[in-house]
Protein chains: 2
Amino acid sequence: MKEGPDIAHVAALIGDPARANILTALMAGKALTASELAEEAGIAMPTASGHLRKLEEGGLVVARKQGRHKYFALAGAQAGDVLEALMGFAVAQGHLRTRTGPRDAALRAARVCYNHLAGQAGVQMYDSLVRRGYLQIGEDGLSVTEAGGIFVADLGVSVHELAGRRAPLCRECLDWSERRSHLAGVLGRALFDLLLEKRWVDREAGSRAVRFSKAGRVAFDAAFPTN
Amino acid sequence: MKEGPDIAHVAALIGDPARANILTALMAGKALTASELAEEAGIAMPTASGHLRKLEEGGLVVARKQGRHKYFALAGAQAGDVLEALMGFAVAQGHLRTRTGPRDAALRAARVCYNHLAGQAGVQMYDSLVRRGYLQIGEDGLSVTEAGGIFVADLGVSVHELAGRRAPLCRECLDWSERRSHLAGVLGRALFDLLLEKRWVDREAGSRAVRFSKAGRVAFDAAFPTN
DNA sequence: CGGATGTTTCGGTCAGGATCGAACTATGAA
DNA sequence: TTCATAGTTCGATCCTGACCGAAACATCCG
């Protein structure tokens, strides 16, 4: 037997169309119930229940009960990374379930990547923060500079409050549509939450795409300029 | 039917143990023959032949004939990205085919990631280049600065010669063991080739790990210091 | 040209896993 | 307490795909 990481196991979990639908739905960053996921996957409840158990055992999703409802979410950022990488590859290969259409453009422009902003907008935000010295790449990875802390405080995010968390404050996530990094981690999530709170972006129903309002786009470009 | 990237298709390709062995073997960056891959995967030739055809059709590998031999290699960097992401997830979940051992440490320290250096050494190289201003992250992604061009020329790599290629000169690749970027792209490949030429590193037989010679480690640390 | 080597195709076997309806369990509401 | 809803378990059915030996094809060497 070969040694090393058993990629077949996790890949096989994702390799079933029903489970892939479930995972894709969860990439929007919202917890969904078993019934909702059965619907998303186009399968009966018993089948969905079995699939969710497998995904949970495999470490791809986590479950939380609330009364008679059971909510499922992606297990963490690393599960999101895997799915993002697979989506990128599938798109590059033309493995699409429908023909390329306006939906693709919307997903490329701005979308949720598990819990943070991805797409052109996500990369623009990341690049802007790095270029203006608000984020820096150092020996311990990505970190916020002092100037960066001030900048995001002005926007409404307190780095000091976020820094106590166990999850990394800043993390690079490789964007499949732009082939570059966007910002994940606690700060990435907080900034995305802020965009939602300020209504610069709104989620699209039943999709991972997010859409900028007119005023939101202007404010976003002002906060994260491209030059 | 749901729309969007069909991740189930590519994941199912990777999700078979025999095909996963084949892909893992190819992550070492060397082209291997069908017979060699059958051996790596522990299956008979006809079975390997069928699997390779599927991997080729799915865009994960490319084939090249040379007389009666057929050589297979990973199709490109994006296939490597997907496998790297899956490996990272599998390791994080403890999905290993044997118990964690010295092999893991070796793979974490320095390994081939398709065609460039990965692991602690790969991340050290990347961080050093960025910190010293030899690489910069800009609007068009990662690029070499003028100082960087001079630096790698001193090492023996001509950026000018490499720049004409269609593949991106510099590209970030997310390292599963370090959870940060190492350098991929044409320059990443050239630098890795250089390390091999100078014998700073040698490949380990039958593994993706690479091992530094004593002199090589000293030279590498001098060229890519951590502070 | 014949033999050897590498690879592919074909046909058959077998096992694993997805599916769902029925029944059951757990929780909430009237 | 009873009924409704959400989710799980069980058993049966069906289908898909991995596997290999044999045969065939392609290429190389003596």
Side-chain angles (χ1 to χ4, degrees), chain A residues 1-2 6-26 30-75 95 97, chain B residues 1-2 6-26 30-73 95 97:
Chain A
M1 183 201 261
K2 297 294 174 180
D6 184 6
I7 62 173
H9 177 63
V10 59
L13 281 174
I14 305 170
D16 174 82
R19 291 195 293 271
N21 279 342
I22 288 170
L23 293 169
T24 301
L26 294 176
K30 288 172 148 180
L32 296 169
T33 64
S35 308
E36 289 165 337
L37 290 168
E39 182 107 15
E40 279 291 331
I43 52 179
M45 270 300 301
T47 312
S49 184
H51 282 316
L52 285 164
R53 182 169 46 76
K54 284 178 175 177
L55 291 172
E56 195 177 357
E57 283 169 0
L60 282 160
V61 306
V62 290
R64 151 177 117 253
K65 299 192 84 175
Q66 198 173 330
R68 65 170 70 146
H69 291 284
K70 205 168 181 183
Y71 284 88
F72 294 87
L74 281 186
H95 295 166
R97 277 156 325 153
Chain B
M1 184 200 260
K2 298 293 174 181
D6 183 7
I7 63 173
H9 177 62
V10 59
L13 282 175
I14 305 168
D16 174 81
R19 290 195 295 270
N21 279 343
I22 287 170
L23 293 168
T24 300
L26 293 176
K30 287 173 152 182
L32 297 169
T33 64
S35 308
E36 289 166 335
L37 290 168
E39 181 108 15
E40 277 292 329
I43 53 181
M45 270 300 303
T47 311
S49 184
H51 282 317
L52 285 164
R53 183 169 45 76
K54 284 177 174 174
L55 291 173
E56 195 178 357
E57 282 169 1
L60 282 160
V61 305
V62 290
R64 152 178 117 252
K65 300 193 85 175
Q66 198 172 327
R68 64 169 72 143
H69 292 283
K70 204 168 180 183
Y71 284 88
F72 294 86
H95 295 167
R97 274 151 332 148

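Letters A, B, ... are given to chains in the order of the sequence lines, protein chains preceding strands, and every chain is numbered from 1. Side chains included, hydrogens not; waters and symmetry mates left out as well; all remaining heavy atoms used. Keep in mind that what you see is a predicted model, and the values were worked out from it rather than measured.
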K.L.:
From C-beta outward on A/Arg68, which listed nucleotide comes closest to its side chain: D/dT27, D/dG7, C/dG28?
P.N.:
C/dG28

K.L.:
So which heavy atom on A/Ala25 is nearest to which on A/Leu32, and how close?
P.N.:
CB-CD1, 4.0 Å

K.L.:
Taking only residues at least two apart or on different chains, which pairs with a member in residues 55-71 of chain A satisfy salt bridge (Lys or Arg N to Asp or Glu O under 4.0 Å)?
P.N.:
A/Arg53-A/Glu57

K.L.:
Where each residue is assigned the nucleotide of DNA chain C containing its nearest heavy atom, which of A/Met45 and A/Lys65 is assigned the position nearer the 5′ end?
P.N.:
A/Met45

K.L.:
In Å and rounded to the nearest 0.5 Å, what is the NE2 to CD1 distance from A/His51 to A/Ile43?
P.N.:
4.5 Å

K.L.:
May I ask you to evaluate whether B/Thr47 reaches the phosphate of D/dC20, defined as a side-chain N or O under 4.0 Å from OP1 or OP2?
P.N.:
yes

K.L.:
Given C/dA18, C/dC20, C/dT9, identify the nucleotide with an atom nearest to the side chain of A/Ile43.
P.N.:
C/dC20

K.L.:
Under a 3.5 Å distance rule, please check whether B/Thr24 uses its side chain to pair with a backbone N or O of B/Ala20 as donor and acceptor.
P.N.:
yes

K.L.:
Between A/Ser49 and B/Arg19, who's closer to the 5' end of DNA chain D by nearest nucleotide?
P.N.:
A/Ser49

K.L.:
Does A/Tyr71 or B/His69 map to a spot on DNA chain D nearer the 5' end, using the closest nucleotide for each?
P.N.:
A/Tyr71

K.L.:
How long is the straight-line distance from OG1 of B/Thr33 back to CD of B/Glu40, given to the nearest 0.5 Å?
P.N.:
10.0 Å

K.L.:
Show the distances under 3.5 angstrom between N or O atoms of the protein and N or O atoms of nucleotides 21-25 of chain D.
P.N.:
none

K.L.:
Counting only pairs under 3.5 Å, give me each side-chain donor-acceptor contact of residues 9-17 of chain B, with atom names and distances, residues two or more places apart or in other chains.
P.N.:
unit_1	atom_1	unit_2	atom_2	d
B/Asp16	OD2	B/Ala18	N	3.0
B/Asp16	OD2	B/Arg19	N	3.2

